[in-house]
Colleague: 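Mind looking over this structure? Questions follow.
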Amino acid sequence: MTSSRSLLRVFGALLLAATLAGCNETKNPGYQGWIEADMIFVSPDEPGRVIKLNVREGDQVKAGAPLYSVDDDLQKADLNQNNATLANAQQTYDRAAALNKTGSGTQANLDSAVSALRVAEARVNTSQTRLTRRSAFAPVSGSIQQIYFREGEMVPGQRPVLSIMPPGNMKVRFFVGEADLPKFALGDEVRVTCDNCAADLTAKIYFIATMAEYTPPVIYSLEERNKLVYLIQARPDKPDALRVGQPVSVFLNAKAQ
């Protein structure tokens with residue numbers, strides 16, 4: 001009987017502690033924010049048809065990994081044409097150089113041949129670069145977030161085929177009022193909470209806006225709607241535990257609450 005009463009007392013104490021913690025969280029809901037990321041968009045220099053995709057959404061890639069290829073028929077034809085022009089320019093230069101050595105040619109003809117040869121070589125290098133860039137490789141390590149064009153689809157020039165999210169590019173964005181702004185400083189650590197997230201998520205502030213703006217519409221607070229606020233951004237210590245677009249609450253002291 002005594003053991004049962006002790007267990008009831010312990011259970012009651014735990015229940016009271018949980019209730020008080022919930023009340024404190026309600027009284028201090030923190031600052032509303034959400035998760036964003038600076039995506040890396042990978043695009044072809046010129047338009048073309050996607051002929052191969054080496055990745056799928058959600059894949060983890062290392063820097064330098066092959067991502068996709070775009071048809072290169074036009075680039076190959078351009079390279080072949082410039083190679084032919086280069087061969088002719090080389091022959092013209094060889095003849096002009098030989099004539100100049102025997103005194104039968106003029107320096108002006110040799111200079112013209114040298115100039116034409118250099119132009120032809122530059123065009124070949126440009127064509128080779130254009131051809132090489134028809135295959136794209138990951139510029140950074142990260143996860144494939146979205147694929148915008150798939151095999152068989154035409155992609156315009158400088159339009160992204162896919163986007164990559166490096167883990168270090170994840171950020172927490174939240175807004176604070178003018179009265180609370182002095183509480184924050186660059187390098188401060190804040191606590192981040194969200195639905196069904198781990199309890200030990202923290203982030204470090206790396207940006208504090210110097211200009212005020214109106215409360216953004218994604219913050220559904222009647223009390224804050226008409227107030228001017230300042231944007232603050234922080235890098236999470238565990239970016240893999242968060243998702244882009246996820247609403248979060250931010251608390252000033254990482255060890256508080």
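Just so you know, these numbers come straight off a predicted model, no measurement behind them.
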Colleague: Are Ile232 and Ile205 close enough that some pair of their side-chain heavy atoms sits under 4.5 Å apart?
Modeller: yes
Colleague: Taking Asp240's backbone N and O only, do any of them form a donor-acceptor pair with Arg243's side chain (distance below 3.5 Å, no angle check)?
Modeller: yes
Colleague: Within this structure, what is the CD-OH distance for the pair Gln146 and Tyr148, rounded to the nearest 0.5 Å?
Modeller: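 If we round to the nearest 0.5 Å, Gln146:CD and Tyr148:OH are 4.5 Å apart.
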Colleague: Does OH in Tyr93 sit with more than 12 non-hydrogen atoms of other residues, nucleotides or ligands closer than 6.0 Å?
Modeller: no
Colleague: Using modelled atom types only, decide if a donor and an acceptor are shared between the side chain of Asp59 and the backbone of Arg56 within a distance under 3.5 Å.
Modeller: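 Such a contact is found between Asp59 side chain and Arg56 backbone.
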Colleague: If the threshold is 4.0 Å, N to carboxylate O, is there a salt bridge linking Asp78 and Arg130?
Modeller: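 Salt bridge present between Asp78 and Arg130.
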Colleague: Test your reading of the model: is there a side-chain donor-acceptor pair from Ser104 to the backbone of Asn100, 3.5 Å cut-off?
Modeller: no
Colleague: When rounded to the nearest 0.5 angstrom, what is the spacing between OG in Ser112 and CG in Leu117?
Modeller: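 Spacing of OG (Ser112) from CG (Leu117) equals 11.0 Å.
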Colleague: Is the backbone of Phe41 close enough, under 3.5 Å, to the side chain of Ser163 for a donor and an acceptor to pair up by distance?
Modeller: no
Colleague: Would you say Leu53 and Phe149 make side-chain contact, with heavy atoms under 4.5 Å?
Modeller: no
Colleague: Please check if the side chain of Asn169 supplies one atom and the backbone of Asp38 the other of a donor-acceptor pair under 3.5 Å.
Modeller: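 Yes; at least one donor-acceptor contact below 3.5 Å.
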Colleague: Within the structure provided, determine whether Leu201 and Pro236 are in side-chain contact (heavy-atom separation under 4.5 Å).
Modeller: no
Colleague: How many angstroms lie between NZ in Lys204 and CG in Asp237, if you round to the nearest 0.5 Å?
Modeller: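 Nearest 0.5 Å value for the NZ-CG distance: 6.5 Å.
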Colleague: Mark yes or no for whether Arg235, through its side chain, and Met170, through its backbone, hold a donor-acceptor pair below 3.5 Å.
Modeller: yes
Colleague: Is a side-chain N or O of Ser115 found less than 3.5 angstrom from the main chain of Asp111, in a donor-acceptor match?
Modeller: no
Colleague: Using 0.5 Å steps for rounding, measure from the CD atom of Gln158 to the OG atom of Ser43.
Modeller: 7.5 Å
Colleague: In this structure, which one of Glu151, Glu153, Met154 forms a side-chain contact (heavy atoms from CB on, under 4.5 Å) with Arg49?
Modeller: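 Going through the options one by one, the only one that passes is Met154.
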Colleague: Please determine whether a side-chain nitrogen of the Lys or Arg among Lys183 and Asp180 lies less than 4.0 Å from a carboxylate oxygen of the Asp or Glu.
Modeller: yes
Colleague: Between Thr85 and Asn88, is any side-chain donor less than 3.5 angstrom from a side-chain acceptor?
Modeller: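 No, no side-chain donor-acceptor pair sits under 3.5 Å.
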Colleague: Could you tell me if Gln90 and Thr92 have a donor-acceptor pair between their side chains, going purely by distance under 3.5 Å?
Modeller: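 Thr92 vs Gln90: no donor-acceptor pair found between side chains.
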Colleague: Indicate, with yes or no, if Val70 and Val55 share a hydrophobic cluster defined by side-chain heavy-atom contacts under 4.5 Å among Ile, Leu, Val, Met, Phe, Trp and Tyr.
Modeller: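 Yes, it is one cluster - the side chains of Val55 and Val70 are joined through contacts under 4.5 Å.
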Colleague: Is it the case that the side chain of Arg150 and the backbone of Val50 share a donor-acceptor pair, with hydrogens and angles ignored and the cut-off at 3.5 Å?
Modeller: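 No; judged by distance alone, with no hydrogens or angles, the pair does not exist.
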Colleague: What are the two closest heavy atoms between Phe184 and Val190, and how far apart are they?
Modeller: CE2-CG1, 4.3 Å
Colleague: How long is the straight-line distance from OG of Ser135 back to CG of Leu67, given to the nearest 0.5 Å?
Modeller: 10.0 Å
Colleague: Using 0.5 Å steps for rounding, measure from the CG atom of Leu252 to the CG atom of Asp188.
Modeller: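 Rounded to the nearest 0.5 Å, the CG-CG separation comes to 6.5 Å.
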Colleague: Is a salt bridge present between Glu36 and Arg173, judged by a nitrogen-to-oxygen distance below 4.0 Å?
Modeller: yes
Colleague: Side chains of Tyr206 and Gln233 only: does a donor on one sit below 3.5 Å from an acceptor on the other?
Modeller: yes
Colleague: Report yes if the distance between the aromatic ring centroids of Phe251 and Phe174 is under 6.0 Å, otherwise no.
Modeller: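 Aromatic pair excluded; centres sit 6.0 Å or further apart.
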Colleague: Using atom types as modelled and distance alone, determine if a side-chain donor or acceptor of Arg134 lies under 3.5 Å from a backbone N or O of Asp71.
Modeller: yes
